[in-house]
Amino acid sequence: MARFIVTRLLWMIPSLLVISFLAFVLIQLPPGDFVTTYIATLASSNEVVDQAAAAALRERFGLDQPMLVQYLKWVWNIVTAGDFGMSFEWQQPVQGLIWERMALTLILTFSTLIVTWGIALPIGVFSAVKKYSIGDYIATFFSFVGLAVPSFLLALVLMYVAVVEFGQEVGGLFSEEYVQAPWSWGRVVDLMHHLWIPVIILAVSGTASLIRVMRANMLDELSKPYVTTARAKGLSEFRLLLKYPVRVALNPFISTLAWLLPNLISGSIIVAIVLNLPTAGPLLLQSLMAQDMYLAGAFVLLICALTLIGSLLSDILLALADPRIRLE
Amino acid sequence: MAPTDKRTPNLPAAWSLNRRRFIQGAAGVAALSALPSSFTFAQSAAKEAPDLAKLVAEGKLPPLAQRLPESPDVVQVKQVGRYGGALRRGLRGSADHNGILKVIGPQNLVRWNVEFTGVVPNLAHKWEVSADATQFTFYLRKGLKWSDGKPFTADDIVFSIEDCAKNADLYKATPSQIVIGGKPVVCEKVDETTVKFTFAAPYALFLENLATPLGQHTTLFAKHYCSQFHPKYNPKVDEQAKAAGQSDWPAYFRSKCGDIEIPSRWGNPDRPTMDPWIIKEPYTGGATRVVAVRNPFFWQVDQQGNQLPYIDQVTYSISQDVESLMLDVVGGKIDYQDRHINTLSNKPTLSQNTKRGDYRLVELIAANAQQVQIHLNILHKDPKMRAMFGNKEFRKALSLGIDRKEIIELVYLGQSVPYQTSPRPGHPWYHEKLANQFTEFDPAQANAILDKLGYKKAGNFRTHPDGSKVFFAIDVIPTLYPDQVDVLELVKRYWADIGIEIKVNTIERALYYTRGDNNDHDAASWSGSGGLDLMFDPRDYFAYHPQGSRYAIPWALWFTSGGKSGEEPPESQKKRFALYDQARGTTDLQKRAEYVKQMLDLTYEAFETVGICLGVNTFGVCRNNLQNVPDKMPDSWSYPNPSPTLPAQYFFKA
């Protein structure tokens with residue numbers, strides 16, 4: 001097991017390099033660069049930027065060099081000094097911009113994950129065991145509604161109702177007094193007060209599909225001979241369910257853990273924008289639009305790294321959860 | 001036809017300037033010496049905000065008399081206000097620093113009067129201009145102080161210009177506002193409160209330029225603070241820059257002292273300013289809120305001697321999404337806002353909710369001449385297209401083929417009139433022939449012209465003389481101008497009726513610019529500037545702007561590069577450029593109007609861009625308890641509304 005983990009960790013290094021290169025190329029692909037976007041903004045407020053000034057700007061940002069050189073410099077600084085470069089737009093080191101956002105994103109992502117699983121798994125098990133009961137139909141009905149409503153729409157409707165009907169504010173993750181405050185117990189509590197809204201919104205659609213997956217998997221397992229055998233041997237119904245069918249039915253959940261992380265980050269961008277959440281998504285989108293490539297690159301790289309770590313985790317968990325899987 | 005009220009539904013009476021008033025005003029450079037402040041200010045009677053009075057009592061702040069200049073700027077406010085409250089506004093997540101600038105900055109030697117017709121004293125209480133408009137002497141108010149209490153003197157201005165704006169490491173090219181005839185200004189200190197600017201050639205527009213946001217280099221940098229990031233005053237600055245994680249000293253300097261138009265101007269709470277409010281919670285990447293608090297050393301008072309600003313602080317919430325900003329407005333969480341929400345499509349929602357949000361709408365007078373302007377690329381790379389677009393008769397046919405009245409009814413709810421780009425009706429430079437030529441809807445004549453030019457119909461659509469199909473694309477940015485997409489869809493229908501097939505090419509902003517920069521576009525749409533502020537933005541009257549004059553970008557490049565790149569323009573363009581230069585260089589306003597008229601005559605003859613209708617006025621929302629906000633104000637970047645209406649004298653009714 002230890003050897004497996006070490007090998008996988010080592011493989012991550014070349015993977016990350018390839019990913020970082022692809023990310024860099026992708027960010028560069030759209031026409032123009034940061035200076036184009038910047039000049040476009042200036043030009044719409046009728047400022048004239050002549051070509052010499054534009055060239056000077058490109059030189060200042062290092063945009064006049066070939067892409068490969070820009071890429072190598074970027075990676076070199078990350079590897080040797082942990083320096084992710086400067087954000088063009090904010091004239092601030094990228095590190096300062098991403099960490100808190102990434103931390104909040106992870107908090108949001110994991111809260112959503114826990115809530116989603118917490119709701120989806122019991123309901124999925126329930127509706128498989130009580131197939132075609134009233135409860136199953138109700139769960140099925142709501143899960144289809146949840147699947148059909150886009151989460152950003154849900155967020156907008158929720159905000160509208162809150163503002164117009166109740167005069168309440170729903171955006172953001174913190175109250176006024178804690179927005180810029182350093183971390184403290186009060187701030188954590190404040191975060192908890194705000195976190196449940198985006199978590200519920202994001203969990204709704206995820207829960208719905210997971211209920212269906214769980215239900216289908218369970219139905220497969222419930223009819224298998226080992227269940228009948230166990231039941232015949234007098235195992236209590238509850239223990240029987242948890243001991244084998246549920247454990248086996250969890251397999252697809254664990255193996256998709258790796259995709260959940262990037263999914264929850266990218267899938268929540270629109271919700272985060274609508275709800276004005278200080279998470280990574282909106283800043284990533286913004287930096288892509290401004291072609292602020294070091295900032296965007298750092299985000300993409302981090303999300304990719306998370307995916308790699310996630311897939312390692314899911315492999316380890318699978319080996320632990322499913323007796324049929326062996327590492328050798 | 002003379003401009004009448006019927007033709008100008010959007011123009012309030014106050015804006016129908018007559019020529020005389022304009023000459024006193026808009027081009028008001030003639031004011032060789034502004035009125036000296038004859039008002040002797042009784043400092044003992046001065047009053048201040050309670051929180052400041054408390055600090056004074058505790059000995060943490062000098063008394064008001066020591067904080068105010070000897071002759072503060074006395075603002076004649078409509079209602080004397082009361083202290084307190086927070087002005088709540090909204091910013092967009094990214095690159096919205098000008099949303100801060102337009103309220104808090106720009107504080108310069110002079111500022112626009114509220115009407116946008118001329119400049120009035122600001123940090124300088126008077127000035128003198130030499131007869132040939134090459135020398136400008138400014139007299140600063142005595143005893144002005146930066147927001148940290150240090151004196152503001154001529155040294156600061158000389159530092160800002162000589163050491164910073166003219167520094168080749170900091171600014172690769174000296175900002176064009178202080179360059180004339182290829183030579184940058186020379187700025188000298190006469191005494192503590194007097195500075196002299198000397199230009200190599202007449203620069204009659206210098207005062208007006210100082211009143212625009214881009215003219216702010218003079219007062220941007222406090223010497224006592226910013227010199228520590230400058231190698232001339234701090235030899236160790238490069239090491240310090242590296243230690244701070246910056247690549248070199250200019251980057252370090254910018255991150256600490258900012259520049260006119262970059263976010264980091266609002267990212268350092270320690271930077272001393274002359275603004276009414278100073279940044280407390282900075283605008284940095286990822287910030288969700290920006291807060292600016294009262295500057296205890298602010299140098300304006302009302303007519304009763306109360307120190308301004310009345311309002312304690314300005315709070316900006318940062319929304320990623322315009323819809324959530326709209327919700328804030330409707331929910332009454334915004335006190336004053338025009339940016340981002342003032343689109344025509346938002347107006348019904350905002351009008352319906354005035355009660356719920358307890359706000360009123362304020363009218364913003366468009367400085368634009370044109371709501372939608374179609375730039376056909378006269379210098380197209382394809383010779384066939386170039387011949388087509390380059391032909392004035394062809395452009396005339398296209399213009400006659402547009403039903404402007406229907407567009408105005410359908411897209412602009414009747415709130416505009418058919419118009420070609422010209423100064424707005426009521427402006428002294430209004431050019432009737434230019435404004436109205438080829439705006440009638442006459443498909444028969446359009447067809448006849450196209451037939452005559454040899455663009456024969458084959459089926460429904462026409463072909464070039466060589467038999468290939470006539471087809472082109474018009475680039476438009478849907479996220480920036482959603483209304484223009486609707487207009488162009490209608491234009492597509494009208495032109496299909498006269499046999500011209502087009503594609504409405506909706507593209508993203510950077511691509512739009514890249515295509516323009518490479519001269520790869522067939523045609524492009526944009527709004528048209530120069531309705532009220534022609535002298536600042538003549539890009540639609542001749543090829544002046546290398547990114548903006550999209551009908552002939554190579555000509556603009558030729559002008560800006562002094563003939564080194566681009567393509568040599570025709571005589572008419574060169575004459576217009578020369579006339580503009582002459583207008584810019586003369587203090588004689590009669591003469592300036594004459595030059596501009598000649599220039600507009602040439603624009604009229606050349607007929608290069610196809611305009612649709614007069615720029616439509618927009619609006620802002622203002623909470624009902626916020627007072628001293630004018631009901632109408634110009635909406636322009638050169639007049640960075642609402643700043644010239646002095647937000648420092650806004651206040652909240654009890």
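In the text below, chain A, chain B and the rest are named by the order of the sequence lines, each starting its count at 1.
- Contact annotation for B:Y283: both backbone and side-chain heavy atoms come within less than 4.5 Å of a heavy atom of chain A.
- The contact between A:I273 and chain B is made by backbone and side chain atoms together, counting heavy-atom distances below 4.5 Å.
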Evaluation steps, side chain to side chain contact (heavy atoms under 4.5 Å, CB included), between A:M159 and B:E323: CA-CA 10 Å; A:M159 282 177 82; B:E323 298 306 320; over 6 Å; no
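- Annotation for A:W183: atom CH2 counts as buried by contact number, over 12 foreign heavy atoms lying within 6.0 Å.
- Contact of A:E89 with chain B is made through backbone and side chain together, with heavy-atom distances under 4.5 Å.
- Not counting sequence neighbours, the partners of B:R584 by the salt bridge (charged side-chain N to carboxylate O under 4.0 Å, His left out) test are B:D581.
- Contact tally against chain A (heavy-atom pairs below 4.5 Å) for B:V330, B:L327, B:L511, B:T212: the top residue is B:L327.
- Between the OG1 atom of B:T288 and the CG atom of A:L173 there is a distance of 9.0 Å, given to the nearest 0.5 Å.
- If you measure heavy-atom distances from A:Q291 to chain B, the contacts under 4.5 Å come from the side chain alone.
- Two residues are said to be in side-chain contact when any heavy atoms from C-beta on lie closer than 4.5 Å; B:E508 and A:M289 fail this criterion.
- The CZ atom of B:R289 sits 12.5 Å away from the CZ atom of A:F174 when rounded to the nearest 0.5 Å.
- Among residues two or more places apart in sequence or in another chain, the salt bridge (charged side-chain N to carboxylate O under 4.0 Å, His left out) test is passed with B:D475 by B:R515.
- Scanning both residues, B:S264 and A:W90, for their nearest heavy atoms gives CB-O, 4.5 Å.
- Counting only distance, with no hydrogens or angles, the side chain of A:N276 and the backbone of B:I318 share a donor-acceptor pair below 3.5 Å.
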